[in-house]
Amino acid sequence: MAVRKILMLKKEGKIWTFLLENDVIAEIHCSLPDSDQHRQPVLGDIYIGKVKNIAANIGAAFIEIAPGKECYYDLSQAPQAIFTHKIGKKPLCIGDELVVQISREAVKTKAPTVSSNINFTGRYAVLTTGNTRIGTSGKLPRSLRDTYKEKLSHLKNEDYGLIIRTNAKDVPFETVLEEIQKLENACVKLKETAPFRTCFSCLQEAPPSYITDLKNVYADGLSAIITDDPKLYQQIHGFLQAEQPEDLSKLQFYEEQLLPLSKLYSTDIAVERALKEYVWLKNGAYLVIQPTEALTVVDVNSGKYSAKTKKKSAETYLKINLEAAKETARQIRLRNISGIILIDFINMDDPDMMQELLKQFRRFLGEDPIQTSVVDVTALQLVEVTRKKVRRPLHECVRDKAEKSPERSEHVE
């Protein structure tokens, strides 16, 4: 089990969150402080929106959540929508007003995505209005999944569904049940108040993303939440006290002046490396990571590995590819790369070795808390991967252009 720490720093007008696993930085997120967070809609906000336009040919509608602020909406969700004002008899009509939630942040030129499947997210469970089944995280042991489904079967209803999260693995059932009751109360309250609110009202503001990160991180092995900013400390303390009192003792305020928190954990170096196009591996090979408008391409190169040996056997290529697969999975999570990802591994003619590579790659990707899947291998041996889009990638949050120096400086940690 990995030992996890969360670092929260304030620098250059942004809040930086670093998730460490066994003292190695596994995730980096940055966002605006709370005072600036809600100038624009953020992930999890719930609004009363108005249907501005319907594009039936692409199965979509465009819903305004504020004057001039249009969001993408999947028409297939309309039958389950919570309407506050209905114009016609069709499932969705221009002018309809309905409750929607930001399900995906704006990315580059793409508008935010909204959903009428409203999620109320706790640490151990998620209550959803658009899906009435009772489900469990695939990362839970099979026996525990079956147990939860059996114990929660009495909650099956036509108004909402439940998903039990990975964090529920080591807590008493009564704790999960208590949280579900809170989520149900929040859902009922929203449905009761929504019809009396005006269009474009924000029914529920999501916590800042850096606070939400505290709820979403795996509880397994979480040993410390550390910050050196007094205001952040107070904000985190208030959240933990109200929502996660079991983690309050893990909150630490770092006061060492001679060795700043960022220096102690080399966070600036980690960010710099995560923005570079070239990533060197310990064996002398390297990755080239290039994000484009439509997808991200990862190219595996043997680099200086070939200088160590003149033997270029299939076993050699498999060894390079396995290390590249492990590092690629780490970089995808570290940089928060999402959508379509193409990996050009070094070609191998042996089908069994290719299957071994894919098997290990799936295992590495399985450590990512965000849904990530190997889709297929093309005729040109390009490995296709998809990762669920939730938040903007790191390079967009920090700057548009990453460094492009092929010079080798240090091995990855």
Side-chain angles (χ1 to χ4, degrees), residues 21 24-28 269-270 272-368 370-388 393-395 401-413:
E21 294 183 346
V24 176
I25 294 176
E27 294 181 17
I28 304 174
I269 294 173
E272 182 182 354
R273 288 178 178 174
L275 295 173
K276 285 187 175 181
E277 185 175 295
Y278 287 76
V279 178
W280 285 94
L281 308 181
K282 292 179 180 178
N283 62 17
Y286 65 93
L287 310 178
V288 183
I289 303 175
Q290 295 178 322
T292 70
E293 183 72 24
L295 49 81
T296 300
V297 178
V298 180
D299 186 31
V300 180
N301 293 273
S302 58
K304 296 184 179 181
Y305 188 93
S306 58
K308 299 179 181 180
T309 175
K310 295 181 180 179
K311 185 180 179 182
K312 294 185 178 180
S313 63
E315 290 81 5
T316 299
Y317 292 144
L318 177 60
K319 185 176 180 180
I320 295 172
N321 281 337
L322 286 173
E323 185 169 342
K326 183 176 183 179
E327 185 61 28
T328 298
R330 193 181 86 87
Q331 291 294 326
I332 287 172
R333 183 182 176 192
L334 183 71
R335 299 170 184 234
N336 195 27
I337 300 170
S338 57
I340 301 170
I341 306 164
L342 291 181
I343 300 98
D344 185 10
F345 288 105
I346 297 173
N347 286 354
M348 296 185 297
D349 295 327
D350 189 326
D352 291 337
M353 288 187 174
M354 190 64 187
Q355 288 305 310
E356 174 64 17
L357 172 62
L358 294 176
K359 176 185 175 181
Q360 295 301 323
F361 192 29
R362 288 189 178 96
R363 183 171 68 85
F364 298 141
L365 292 173
E367 298 175 6
D368 192 335
I370 293 180
Q371 182 180 341
T372 311
S373 305
V374 175
V375 179
D376 201 358
V377 181
T378 71
L380 296 176
Q381 289 198 8
L382 298 176
V383 177
E384 300 172 309
V385 171
T386 62
R387 187 171 186 262
K388 185 178 180 182
L394 180 65
H395 73 90
K401 186 178 180 181
E403 294 181 31
K404 295 185 177 182
S405 171
E407 296 180 2
R408 183 178 184 183
S409 54
E410 298 178 59
H411 292 307
V412 294
E413 296 178 352

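One is the number of the first residue; the rest follow in order along the sequence. This structure is a prediction, so every number in the text was calculated from the model and none was measured.
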Undergrad: Minimum heavy-atom separation for R387 to R333, with atom names?
TA: NH2-CA, 3.9 Å
Undergrad: Does R330 reach the side chain of E367, with side-chain heavy atoms less than 4.5 Å apart?
TA: no
Undergrad: Measure from the side-chain N and O atoms of T378 to the backbone N and O of D376, and report whether any donor-acceptor pair falls under 3.5 Å.
TA: no
Undergrad: Do NZ/NE/NH1/NH2 and the carboxylate oxygens of E323 and K326 come within less than 4.0 Å?
TA: no
Undergrad: Does some side-chain heavy atom of V298 sit less than 4.5 Å from a side-chain heavy atom of Q331?
TA: no
Undergrad: Can you give me the closest heavy-atom contact between P351 and D349, atom names plus distance?
TA: CD-O, 3.2 Å
Undergrad: Between atom CD1 of I320 and atom CG of L357, what is the distance when rounded to the nearest 0.5 Å?
TA: 12.0 Å
Undergrad: Tell me if the CD atom of Q381 is crowded by more than 12 foreign heavy atoms within 6.0 Å.
TA: yes
Undergrad: Do the side chains of R335 and V279 get nearer than 4.5 Å, heavy atoms only?
TA: yes
Undergrad: Closest heavy-atom contact between I370 and K388?
TA: CG2-O, 3.7 Å
Undergrad: Spell out, as yes or no, whether a donor-acceptor pair under 3.5 Å connects the side chain of N336 to the backbone of L394.
TA: no
Undergrad: Distance check, rounded to the nearest 0.5 Å: E356 atom CD versus D350 atom CG?
TA: 11.0 Å
Undergrad: List the steps and the verdict of side-chain contact (heavy atoms from CB on, under 4.5 Å) for L318 and E315.
TA: CA-CA 5 Å; L318 177 60; E315 290 81 5; 5.6 Å; no
Undergrad: Drop me the distance from I341's CD1 to I332's CD1, to the nearest 0.5 angstrom.
TA: 4.0 Å
Undergrad: Using the ring of each side chain (for Trp, its six-membered ring), is F345 parallel, tilted or perpendicular to F361, with breaks at 30° and 60°?
TA: perpendicular
Undergrad: Could you report the tightest heavy-atom contact between N301 and I346, atom names first, then the distance?
TA: C-CD1, 4.4 Å
Undergrad: If you define the side chain from C-beta out and look only at heavy atoms, does anything of L287 sit under 4.5 Å from V300?
TA: yes
Undergrad: Quick check for you: to the nearest 0.5 Å, what is the distance between L358 atom CG and R363 atom CZ?
TA: 13.5 Å
Undergrad: Give me the one residue out of V288, D299, V297 that meets side chain to side chain contact (heavy atoms under 4.5 Å, CB included) with D344.
TA: D299
Undergrad: Looking only at heavy atoms, which two atoms of F364 and A325 are closest? And how far apart?
TA: CD1-C, 3.8 Å
Undergrad: I need the I337 CD1 to I289 CD1 distance, nearest 0.5 Å.
TA: 5.0 Å
Undergrad: When you compare the side chain of K359 with that of Q355, does any pair of heavy atoms fall below 4.5 Å?
TA: no
Undergrad: Is the closest side-chain heavy-atom distance between L322 and M353 below 4.5 Å?
TA: no
Undergrad: With no hydrogens and no angle check, is any side-chain donor or acceptor of N283 less than 3.5 Å from a backbone partner on A285?
TA: yes
Undergrad: For residues I25 and A270, report the shortest heavy-atom separation together with the two atoms involved.
TA: CD1-CB, 3.5 Å
Undergrad: Any side-chain heavy-atom pair from E384 and L342 closer than 4.5 angstrom?
TA: yes
Undergrad: May I ask you to test the K319-T316 pair for a side-chain heavy-atom distance under 4.5 Å?
TA: no
